[in-house]
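Single-structure report; data block below.
Position 1 is the first residue of the sequence; numbering continues from there. The figures here come from the full heavy-atom set of this structure, side chains too, leaving out hydrogens, waters and symmetry mates. Fair warning: this is a prediction, and the values are worked out from it, not measured in the lab.
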Amino acid sequence: MLLKCVAPFGEADHRTESQNRLILSERHDEESEQEMSTARLNAIAAVTNYKASGPALDFSKTQASELFGSNVFNDREMQDRLPDTVYKALRRTIDKGARLDMSIADAVAVAMRDWAIEKGATHYAHVFYPLTGLTAEKHDGFLEPDGKGGAMAEFSAKQLIKGEPDASSFPSGGLRATFEARGYTAWDVTSPAYILENPNGATLCIPTAFCSWTGEALDKKTPLLRSMQALNEQAQRVLRAFGEKNPGRVVATAGCEQEYFLIDRNFFFARPDLISAGRTLFGAKPPKGQEMEDQYFGAIPERVLAFMMEAERELYKLGVPVKTRHNEVAPGQYEVAPVYENANVAADHQYLTMIVLQRVAQKYGMACLLHEKPFAGINGSGKHLNWSLSTRNANLLDPGDTPQSNMRFLAFCAGVIRAVDKYAALLRASVAHAGNDHRLGANEAPPAILSIFLGEDLTEIFEGIAKGESGKSKKPGYLTVGVDTLPPLPMDAGDRNRTSPFAFTGNKFEFRAVGSSQSVAGPMVILNTIVADSLSYIADELEASKAKTPEALGAEVQKVIRKIMKKHGRVIFNGDGYTAAWEKEAAKRGLPNARSTVDAIAAAESKENDAILSSFQVLSKREFHSRNEIYLEKYIKEVMTEARLAFEIAKTKIFPAATAYQHQLASTSAALQAIGQKHCTCVLDELSALVAAFQEKMEVLRKAIEAEPEGSLLSHARYCHDQVLPGMDAVREIADALEGIVSDDLWPLPTYQEMLFIK
C-alpha cells in the first residue's frame, strides 16, 4: 500500500512534506472507503447472481404419503418387528400412561438397532432438551470389538434406557455445582425414535428426559411429562363427575405454528449482529416496508418455495405433520404449521422443525432467522401454540353445535378461564425472554397483558350463566357473499382476534404470545399445570355436590361456572388489544402488565406459584427457582452480548463510514471555497452534528457495559434493562439516522431494503 502512495521520481522535490502526507492520507482514505463497501457490494452481487444447485425434487417418484414417517420407529415398525406381547406392553405405556415394563427393553433395543442399521445408521444418540433452549445429543457407535480382530453391532436395553452425558456445563440454576458432573438421560417411550440423515451417514436419535443424579429435572421434557400426567389425573376426575365411569386417558394436544424470516446467506455473513445476536442491532426503516400489505399470503418466491418443499420433505420423513405454508405479513417472513399431536411429541417435533428449517435454508443459500424481532419496525415472529385437551375419541374443548347445552365443554372452558386469570403472572413468565421483549405489544403481536378472547357467542353464554341465566347461543347461520356462483359459507360462532394473546378459535385455544425461537415445552408445562389446578377445583365442587340426575348436575356445573365468572371473568376481552384504552381498562380490571422479562420473572416468584407447581409434582420449589435464575442469567448474557456487539459495530464499521463521508464533504467544501464558489454546507453540518452525538452515545454505552453491577441476578437484569438497553437504543437511533445521510457506496452493512427484498 505504501508503494502505491509514493510520488513519481522527480515530483517529490516540488512538494512540501505536509503536501506529501496529505496525498498519502487521501489515497489511504480512498482505499479504506473502497474496502468498507466491498463486503456489502459483494453480498449484493452474489445474491443477484444466485443459481440453484443440485437436482430438483420429484414427488411423483416418491409420494409424500410414502415418505411420511419413513425415518421414524413408529407404530407400524414396532408392530412388524416386535413380539406381540412386547408390542402390546409398549402400547399400554404410550396410550394409557401405564408404567413402563422394563423387561421388554431388550426386545425393543434389538428391533430398533436392526431397523436403524437398515436405514444406514452407524451411531445412536440420546437427544435431550437442556435449559439452554436448544437440543443436545451425545453420539455413540453401534460397533464394538468382538475380541477376534473384528467388530459387531451392539445396542442393549441398558444403552436404550439410560445414558450418562456430562452435565457439568449445562445450566442448573444452582441445583448443582459445576464439579458435580453426573447427569442421566432416560428413554422417553412416548416420543418415537427417528433417523437423522447426514450426507455421510445417519444417526438413530432417541428422545430422552435429562436429570441430575439427585433426580431433579435439568431439562424441558421432564416437567412437561409431569404436567401432562397431572392434567390427565384431574381431567379424568371431572369426566367421572360427569358420569363417565372409565374415561380414557386425557392428553394435552398441540399444533405449533412457526414463523421465520429468510435472507440470503451473503447478507447474513456481512452482518455481525445477525451472526452473533440473531437480530439486526442497526438498520434504518426502508422506503417500503410492510405498509403495502402485499406480502401476506402473496405468491411465494420460487427460491423460497423450493426451500419450503424440501424442508417439508425432510419433515415428512421425520413424521412431523406439517400442513400449511404461506407468506407472512412482513417482507421476507414465512410460516409453516402442523396439525395436532400429543403435546410431548409436538414439542419434540418443534425442535426438529427449527433444525430442519435452518439446515435446508443453507442448502438454498439462505439463512433462516428464528429471532422474535430480527428487523425493527416490522412484524415480529411468533410460535402460536394451538392447545387443546383430548381423549381417544373426543376433543374436550369442542363446543359442538349447541355449546349452551354442552355442560362438559363449558366446564373445561371455564377451567381454562380461571387458570389464565389466576395464574396470569406464571403464564406470562413462561414466554418471557430477551427476544420476545422486542415483539410483545409490537407489530402483529399480542400485548404482554394476558387476556382471553372467546368471541361474541361464547362470551354471551358465559355472561348469561354468570347472571343466573341458562345461557343462550345463536343458531349457526350462513354468510351471503352476494355472488350466485359462490357457495354459501357456514358462519363461525365468532370472529378471530389477532390482538389477543390467548384466543379461543373454534375447538382450541391459541396462545399467541409464545416466541418464535423458544421451546413450546415451557409454556405447555405452565398451561397444563394451571389448567390441572382449575380442573381439580371444578372436580372438588362437583364431587361435593353429589348430584344424581343430569338436571341436578347441570345446575351444579352452572353454579361452579358462575363462581368462576364472578371472580375471573375479568380476563375475557374481545376488543382491540393494541390500543392504549385497553391498557387502562386492563389496569382498572386488575390484570397484570409485565412489560419486560425482568418484570415477568420477578412477578412469577410467589408462594402461590411455588405451591401449585410443587403440589402437582411438576416442579419442586428448588427446580422452579433454579429455572428463574437460569432465565434471568440468560437474559443478562443476551443483553450484554448485544451491547458489546453494538458498540463494536458502531465503533469499527459505522463511525469510520460516517467520518469518511464527512471527510469527503469537508474536502469538497474546502476545494469550492478555495476557488471562491458558493456552496451549501447543510448536509455537512447535519452529518457533523450526528457524528459528534454518535461519539457521545457510544461513550455512554461503553461506560454502561463496563459498569456491570455486582449483586443479585434480578438487580443485574434490571440494570441491563434500565441502563444497557437504553444505551444501545440511543446509539442505534443516531446510527440509523446516519444511514440516511452517509453516501450509499460507503455504508458498510447490508440495508433492510436489500436484505428483505433481494431474493
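For Arg359, the salt bridge (Lys or Arg N to Asp or Glu O under 4.0 Å) test picks out no residue, with sequence neighbours left out. Residues meeting the side-chain contact (heavy atoms from CB on, under 4.5 Å) test with Arg589, sequence neighbours left out: Arg570, Phe573, Trp582, Glu585, Leu591. Qualifying salt bridge (Lys or Arg N to Asp or Glu O under 4.0 Å) partners for Arg325, counting only residues two or more places apart in sequence or in other chains: Glu312. Every residue two or more places apart in sequence or in another chain was checked for a salt bridge (Lys or Arg N to Asp or Glu O under 4.0 Å) with Glu710, and none qualifies. Every residue meeting the side-chain contact (heavy atoms from CB on, under 4.5 Å) condition with Glu648, not counting sequence neighbours, appears here in chain and number order: Thr652.
A salt bridge links Asp736 with Arg732: the closest approach of a Lys/Arg side-chain nitrogen to an acidic carboxylate oxygen falls below 4.0 angstrom. Comment: Arg271 does not engage Glu754 in a salt bridge, judged by the lack of any side-chain N to carboxylate O separation of less than 4.0 angstrom. Under 4.0 Å is where a charged nitrogen must lie from a carboxylate oxygen, and between Lys703 and Glu706 no such pair does.
Side-chain N or O atoms of Ser688 include one that pairs as donor or acceptor with a backbone N or O of Leu684 at under 3.5 Å. In terms of modelled atom types and a separation under 3.5 Å, the side chain of Tyr752 and the main chain of Ala376 share a donor-acceptor contact. The closest donor-acceptor contact from the side chain of Asn436 to the backbone of Ala513 lies under 3.5 Å. Using a distance-only test at 3.5 Å, with no hydrogens or angles considered, no donor-acceptor pair links the side chain of Gln258 to the main chain of Thr353. Between the Ser276 side chain and the Asp273 main chain, no donor and acceptor come within less than 3.5 Å of each other. Here the side chain of Arg303 pairs a donor or acceptor atom with the backbone of Gly365 at under 3.5 angstrom. Listed for the His384 side chain is no donor-acceptor partner under 3.5 Å among the backbone atoms of Gly382. With Lys220 contributing its side chain and Gly133 its backbone, the two residues share no donor-acceptor pair below 3.5 Å. A side-chain donor-acceptor contact under 3.5 Å links Gln518 to the backbone of Ser430.
Taking 4.5 Å as the limit, every side-chain heavy atom of Thr681 sits out of range of all side-chain heavy atoms of Gln673. When side chains are defined from C-beta on, Lys383 counts as touching Met354, because their heavy atoms get closer than 4.5 Å. At least one side-chain heavy atom of Val598 sits under 4.5 Å from a side-chain heavy atom of Tyr635. Residues Glu372 and Ser516 have side chains in contact (heavy-atom distance under 4.5 Å, counting atoms from C-beta outward). Between Leu357 and Phe307 the shortest side-chain heavy-atom distance falls below 4.5 Å. Annotation: side chain of Val731 is not in contact with side chain of Val700 (no heavy-atom distance under 4.5 Å). When side chains are defined from C-beta on, Val431 counts as touching Phe511, because their heavy atoms get closer than 4.5 Å. At a threshold of 4.5 Å between non-hydrogen side-chain atoms, the residues Arg439 and Ser381 do not count as touching.
The heavy-atom pair separating Phe282 from Ala650 by the smallest distance is CZ-CB, 4.1 Å. The shortest heavy-atom contact between Pro272 and Ala270 is CD-O, 3.6 Å. Closest non-hydrogen pair, Glu739 versus Thr751, comes out as OE2-CG2, 3.4 Å. The two residues Ser451 and Ser500 have their closest heavy-atom pair at O-OG, 3.8 Å. Residue Met640 comes nearest to Val724 through the heavy atom pair SD-CG2, 4.0 Å, listed as atom of the first residue, atom of the second, then distance. The shortest non-hydrogen separation linking Ile378 to Lys373 is O-NZ, 2.6 Å.
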request  = Walk me through it: do Leu738 and Trp747 pass the test side chain to side chain contact (heavy atoms under 4.5 Å, CB included)?
outcome  = CA-CA 9 Å; Leu738 286 169; Trp747 195 252; 4.2 Å; yes
Derivation and outcome, salt bridge (Lys or Arg N to Asp or Glu O under 4.0 Å), residues Glu638 and Arg279 = CA-CA 11 Å; Glu638 288 182 356; Arg279 73 179 182 102; over 6 Å; no
key: Residue pair Ile44, Phe267: steps toward the side chain to side chain contact (heavy atoms under 4.5 Å, CB included) verdict   = CA-CA 7 Å; Ile44 294 171; Phe267 289 143; 3.8 Å; yes
key: Stepwise side chain to side chain contact (heavy atoms under 4.5 Å, CB included) check, Phe502 with Leu527   = CA-CA 11 Å; Phe502 204 89; Leu527 189 51; 3.8 Å; yes
request  = Given side chain to side chain contact (heavy atoms under 4.5 Å, CB included), test Leu131 with Tyr631 step by step and report yes or no.
outcome  = CA-CA 9 Å; Leu131 296 172; Tyr631 300 147; 4.0 Å; yes
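Interatomic distance, CZ of Phe624 versus CG of Asn609, reported as 5.0 Å (0.5 Å rounding). Rounded to the nearest 0.5 angstrom, Leu369 CG and Gln358 CD are separated by 8.5 Å. Atom CZ of Phe261 is separated from atom CG of Leu756 by 7.0 Å, given to the nearest 0.5 angstrom. Atoms CG and CG, from Leu305 and Asn327 in turn, are 9.5 Å apart once rounded to the nearest 0.5 Å. Rounding to the nearest 0.5 Å places CE of Met755 at 5.5 Å from OG1 of Thr280. Between atom CD1 of residue Ile734 and atom CG of residue Asp729 there is a gap of 11.5 Å, rounded to the nearest 0.5 Å.
When the shell of 6.0 Å around CD of Glu699 is examined, it contains more than 12 heavy atoms from other residues, nucleotides or ligands.
Evaluation of the salt bridge (Lys or Arg N to Asp or Glu O under 4.0 Å) test over residues 672-691, restricted to residues two or more places apart or in two chains, returns none.
For the 3.5 Å distance criterion, the side chains of Glu605 and His625 qualify, holding a donor opposite an acceptor.
Between Tyr334 and Tyr260, the ring planes lie tilted relative to each other; the angle falls in the 30° to 60° range.
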